Structures are given as structure tokens and as C-alpha cells.
Enquirer: 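One structure coming up, written as C-alpha cells, with questions to follow.
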Protein chains: 2
Amino acid sequence: MKRAKKKVFTDFMSQRGLKSTKQRDVILDSFLSSDRHLSIEELYLKIRAKHPNIGYATVYRTLKLFAEAGIAREMQFGDGQTRYEHVGEGEHHDHLVCTRCGSIEEFENETIEKLQTEVAASRGFLIERHRLELYGLCGNCRK
Amino acid sequence: MKRAKKKVFTDFMSQRGLKSTKQRDVILDSFLSSDRHLSIEELYLKIRAKHPNIGYATVYRTLKLFAEAGIAREMQFGDGQTRYEHVGEGEHHDHLVCTRCGSIEEFENETIEKLQTEVAASRGFLIERHRLELYGLCGNCRK
DNA sequence: CGTTATTATGACATCCACTTTCAACTGGAG
DNA sequence: CTCCAGTTGAAAGTGGATGTCATAATAACG
Ligand SMILES: [Mn+2]
Ligand SMILES: [Mn+2]
Ligand SMILES: [Zn+2]
Ligand SMILES: [Zn+2]
């Protein structure tokens, strides 16, 4: 699905008249082969190890492009850094965030999603997106 | 319940050996008689209208105290500003945030909360707190 | 009451995570 | 190959949060 996301991005770029560059290729590769939920700084440092000539601003701008293209999602877990995670076509999930070790697990729960829609509907509210994050101690940290 | 919160705060202050000041009185009054979900800046401007001599830093520090005392909760809705809302003893609710007009509605749903606990439990995760926010168009903005 | 140790205040400086600017540099259509 | 729109990276700019510090206010004590 790395292939698939690359195609999505390429299509997005040409459709918008944007150019393919060495930097964007490097950043995309690095992003797709990274842990999920990486901050800009983390990705930048990782890239800089092999490509010292790529600037922070370029990583920053390219991640925004990924988000616009629909292959990345921007998130805030309250640690003061914006993080980007991979997303696939039509995928959605929520998060369990460990307040001790910082690990992030993902989950999906169709029933919760349905109840959200009901709550919203009962107030005439139309949901565009939502965020559900459970903060606490992960299995490891409880031991 | 304005009375009750004032008492909670007073008790907290004396228990910590902190002093009562005119500024803190003014800020507490203003906070308790405000809309919920006010940003520091908003509260500061509101206060400054009647008390031009109260500084931003004091409002900022006092709101932190409210949070520590348990009468306020700090929140982030992704607009880049920290907001504080009133909280009562043992109260909890989640939010519907309008992406057009910025209005914020509150809701509670016991079933959702229960499902969250189940999801967490099934992974050995212990929830300390959570946030659930539904973003979209409020009733008014849909018309 | 004054005295005094302690805490609080507010103007200002600093931090920090982006975000924008801009001159030099491509990518790729023609 | 030419040429221009798009791109890059260093550096400057932003905006909100947080730290600093000299001055002022609180409240306990004698
Ligand atoms: Mn995720
Ligand atoms: Mn609320
Ligand atoms: Zn953990
Ligand atoms: Zn609205």
C-alpha cells in the first residue's frame, strides 16, 4: 500500500500542476517507512541523517501536501507538537495514548461512531470529523 | 453553584498558603459569570474593560490556579488557543464544535463512555481521561 | 497598629513551534 | 535548449504561552 499511496500523491500533484522533486521523493519515502504519529521535527531529523541538505521548511510544507492529498492526517495529542499519521482511503481510527511512555495505539469501534452520529443528529448537528482520544496507562506501563 | 466554586477555590488557596488578592477576586468573578470555553485572551480583554490595571500574566496564572483547584478545565479545540471551561465536582461532558461559527455545545452519553472503557480494558489499557469532540455544522449554520 | 517574611503582580523578555519571505534554483512543457 | 511557474532552504517573522524580576500587597506576629 506504499505503492498505492505514492500513486495517490503523484496523481494529486499532477492534478494540481505541482512538480515532482528529489526532496519530495525522499520525504515521501521516509514518511511512508516511518512509525505512525511522527512529529515534523522527528521526521526532519530522520531525513537529515541521510540528506543534510533538506530543510525543515521543506519537510513542513511537504507534510501539508500529504495531508491535502489525503495520505496523511495532522493531529495534536497535547504535547505541543503537530504529528502526522498515515491514512488510507476511507480509513478511520481513534487513539489510546499512554501518558507515561507516550506510546499510541489505535482502535476502531463502530458502535461508538454510530452513537456519535445519533447524538449529533438529535441536536441538528452535522458531523464532518471527530476526534476521540483515550489517555491513560498502556498495558506495559501498568505493570 | 457560583458560591460553591468560590468556596472550593478559597479552601484550595488557604490550604496551599496562597494569598487572597483583589485581582484574583475579580478574575474569579469574571470567569464564573462568563460563557464557557473562554480563551485566556478573551477573558483578559473582558476583564480589562473594567480593570485596565490587571495584567495578562495574572489572568494566565490565575486560570492555572483555577484548574489546579478543580474549578476549571483547560482545553484545546485546535484553534491555537487554550480555553478554560467551568467544571463542577465529578462532572464530565464532551463537545460538539461548529466549524463555521465556532459555537461549542456540550453533551453526555453514558453508553459511549462505557464503550470506551471496554475498548481500553480489552487492551489492558487504563483510562485516566479522554476527549471526544465532534466537529461539524451546528443547527444554525446548516440553514 | 508597625514590622517583616512571604507571596503576588505586571511590564517585559524569552521560548518555541510553526509559518512566511525571498533570492537563488529546478522541473518539465514547448 | 529556453523559459517560466513552481520549489527550495536560510533566515526572519508570528502568536500564544511561559519565565524574569523589581516593586507592591498580604497577613502573621510582636
Ligand atoms: Mn493513528
Ligand atoms: Mn464544555
Ligand atoms: Zn505506556
Ligand atoms: Zn455554527
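Bear in mind that the values here come from a model prediction, so they are computed numbers and not experimental data.
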Enquirer: Please figure out whether Ala57(B) or Thr21(B) has its closest DNA chain D nucleotide nearer the 5' end.
Expert: Ala57(B)
Enquirer: Just how far, in rounded Å, is P of dA17(C) from OH of Tyr84(A)?
Expert: 15 Å
Enquirer: Can you find a pair of side-chain heavy atoms, one from Phe77(A) and one from Ile104(A), that are under 4.5 Å apart?
Expert: yes
Enquirer: What I'd like to find out is whether the side chain of Ile40(A) reaches to under 4.5 Å of the side chain of Gln81(A), using heavy atoms alone.
Expert: no
Enquirer: Find the distance Ile54(A):CD1 to dT8(D):C1' and express it as a whole number of Å.
Expert: 10 Å
Enquirer: Between dT20(C), dG9(D), dG16(D), which nucleotide has the shortest distance from any of its atoms to the side chain of Tyr60(A)?
Expert: dT20(C)
Enquirer: Separation of Asn53(B) atom CG from dT9(C) atom P, in whole Å?
Expert: 12 Å
Enquirer: Only one of His37(B), Glu133(B), Arg36(B), Arg131(B) forms a side chain to side chain donor-acceptor pair (under 3.5 Å) with His95(B), so which one is it?
Expert: His37(B)
Enquirer: Strictly below 4.0 Å: does Arg24(B) bring a side-chain N or O up to OP1 or OP2 of dT26(D)?
Expert: no
Enquirer: Take the protein atom CZ of Phe12(B) and the nucleotide atom P of dT7(C), then report the distance between them rounded to whole Å.
Expert: 14 Å
Enquirer: Rounded to whole angstrom units, what separation is found between the CD atom of Glu74(A) and the P atom of dA17(C)?
Expert: 15 Å
Enquirer: Looking at the side chain of Lys22(B), which of dA25(D), dA8(C), dC18(C) is the nearest nucleotide?
Expert: dA25(D)
Enquirer: Look at the side chain of Ser20(A) and decide which nucleotide, out of dA17(D), dT20(D), dG28(C), has an atom nearest to it.
Expert: dG28(C)
Enquirer: Closest to the Thr58(A) side chain: dG9(D), dT7(D), dT18(D)?
Expert: dG9(D)
Enquirer: Pick base, sugar-phosphate or nothing for Thr82(B), based on heavy-atom distances below 4.0 Å to the nucleic acid.
Expert: sugar-phosphate
Enquirer: With side-chain hydrogen bond (donor to acceptor under 3.5 Å, both in side chains) as the test, would you mind laying out the steps for Thr62(A) and Gln23(A) before giving the verdict?
Expert: CA-CA 9 Å; Thr62(A) 305; Gln23(A) 289 92 333; over 6 Å; no
Enquirer: Any carboxylate oxygen within less than 4.0 angstrom of a Lys/Arg side-chain nitrogen, looking at Glu85(A) and Arg83(A)?
Expert: no
Enquirer: Taking NZ from Lys19(A) and C1' from dT26(C), how many angstroms apart are they, rounded to a whole number?
Expert: 7 Å
Enquirer: Would you kindly compare Tyr56(B) and Asp79(A) by the position of their nearest DNA chain C nucleotide and give the one closer to the 5′ end?
Expert: Tyr56(B)
Enquirer: Rounded to whole Å, please give me the gap between CE in Met13(A) and C1' in dG27(C).
Expert: 11 Å
Enquirer: Is any side-chain nitrogen or oxygen of Gln23(A) closer than 4.0 Å to OP1 or OP2 of dG9(D)?
Expert: yes
Enquirer: Per the atom types in the model, does the base of dG6(D) pair as donor or acceptor with the side chain of Arg16(A) at under 3.5 Å?
Expert: no
Enquirer: Whole Å only: how far is the CD1 atom of Ile40(A) from the C1' atom of dC18(C)?
Expert: 7 Å
Enquirer: Would you classify Glu41(B) as touching base, sugar-phosphate or nothing, given that sugar-phosphate means primed atoms plus P, OP1 and OP2, and contacts are heavy atoms under 4.0 Å?
Expert: nothing
